[in-house]
Amino acid sequence: MSSEWIDRLGGYPSIWRRRHLLGLEELSAEEITCILDKAAIFKQLLSEGHRRIPLLVGKTICNLFFENSTRTRTSFGLAARRLGADVVDFSAATSSLSKGETVIDTARNLEAMGIEAVVVRHRTPGIPHLLAQNLRCSVINAGDGPHEHPTQGLLDIMTIRELRGRIEGLTVALVGDIAYSRTARSNIWGLKKLGAHVIVCGPSTLVSPRWQELGVEVSYNLDEILPRCDVLNLLRIQFERQARRPFPSVREYVHLYAMTRQRMARTKPNILIMAPGPINRGVEMTAEVADGPQSAILQQVTNGVAIRMAVLWLLTATP
Ligand code: CP
């Protein structure tokens, strides 16, 4: 039975050797392409109406979220269930963390109950890496502070590839809160490896010139770069991570960096508008841009399920 599904997936890829997904920094272009290709097949299977593709029956995935989430947590849960796995949703707020138990002890106790993977989100960069060193099961980074959010980067890249047919040669601008954005880092690593030209654009308080060291173009002027861009990924201003406001007022930010109808008139006609979500309507973009014909925001969310199915299968299936 499962061999039919594996045939549809083109077999378990011989290049895949990894047990953890901690970031896109350490993945090769070949590994990223492998995940994208498998996710495209999972998406096709879902679109054919298959709601259960039982490749991970008997396995258990634990969502270990220490920060809030709508999209990532739900889509990892859905992805695991679509694959026939069991899902445990850990709630930090009601756990024994409040009694002083460490994150590593918490994770090791959950692992002792019999799980094949933990999907972890934490405000501290490096927590998924620490867990990977201390657990036998697979560890998937669902966002570690401002460091990386690899499955978000993958679903963003999948969406661009789906809608534009390629990544190589495209100009992709990441606009807004670059300093605090894990999505920015994962997008930069993934897009650069696949041959895109990446621009980071925003206020100087949120975009250090040192980003150039990662091989990206740095801009403080959205209006100047707009006509050159194929994709705009509009990143949320993460007020909750900032000790001080990085600009005098939201109105000033909107004036310089929000995507509006007026700015849309200055883009390439087939520009893609993307956002990792959650979006602040009226801050990163107006509602008519978010809901407009060039917006791929909900397609990104749809692709998140397929990407997470591919990641869970590659990391936890027994080939
Ligand atoms: N994009 C993203 O990570 O959304 P959530 O915080 O809702 O998971």
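Order of listing sets the numbers, starting from 1, for every ligand and every atom in it. Computed from a predicted model, the values in this text were never measured in an experiment.
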Testing Lys38, Arg161, Lys193 for side-chain contact (heavy atoms from CB on, under 4.5 Å) with Thr33, which one passes? Arg161
Pairs touching residues 281-302 that satisfy ring-ring contact (aromatic ring centres under 6.0 Å, His included), sequence neighbours left out: none
Those residues with a heavy-atom separation under 4.0 Å from ligand 1 are Ser69, Thr70, Arg71, Thr72, Arg121, His149, Gln152, Pro276, Gly277
Show your reasoning for whether ring pair (Phe, Tyr, Trp, His ring centres under 6.0 Å) applies to Tyr257 and Phe247. CA-CA 12 Å; Tyr257 296 107; Phe247 34 77; 8.4 Å; no
Side-chain heavy-atom pair Leu21, Thr151 within 4.5 angstrom cut-off: yes
Take the angle between the ring planes of His129 and His147 and call it parallel below 30°, perpendicular above 60°, tilted in between. tilted
Looking at Arg108 and Glu111, is there a salt bridge between them, counting it only when a charged N and a carboxylate O are closer than 4.0 Å? no
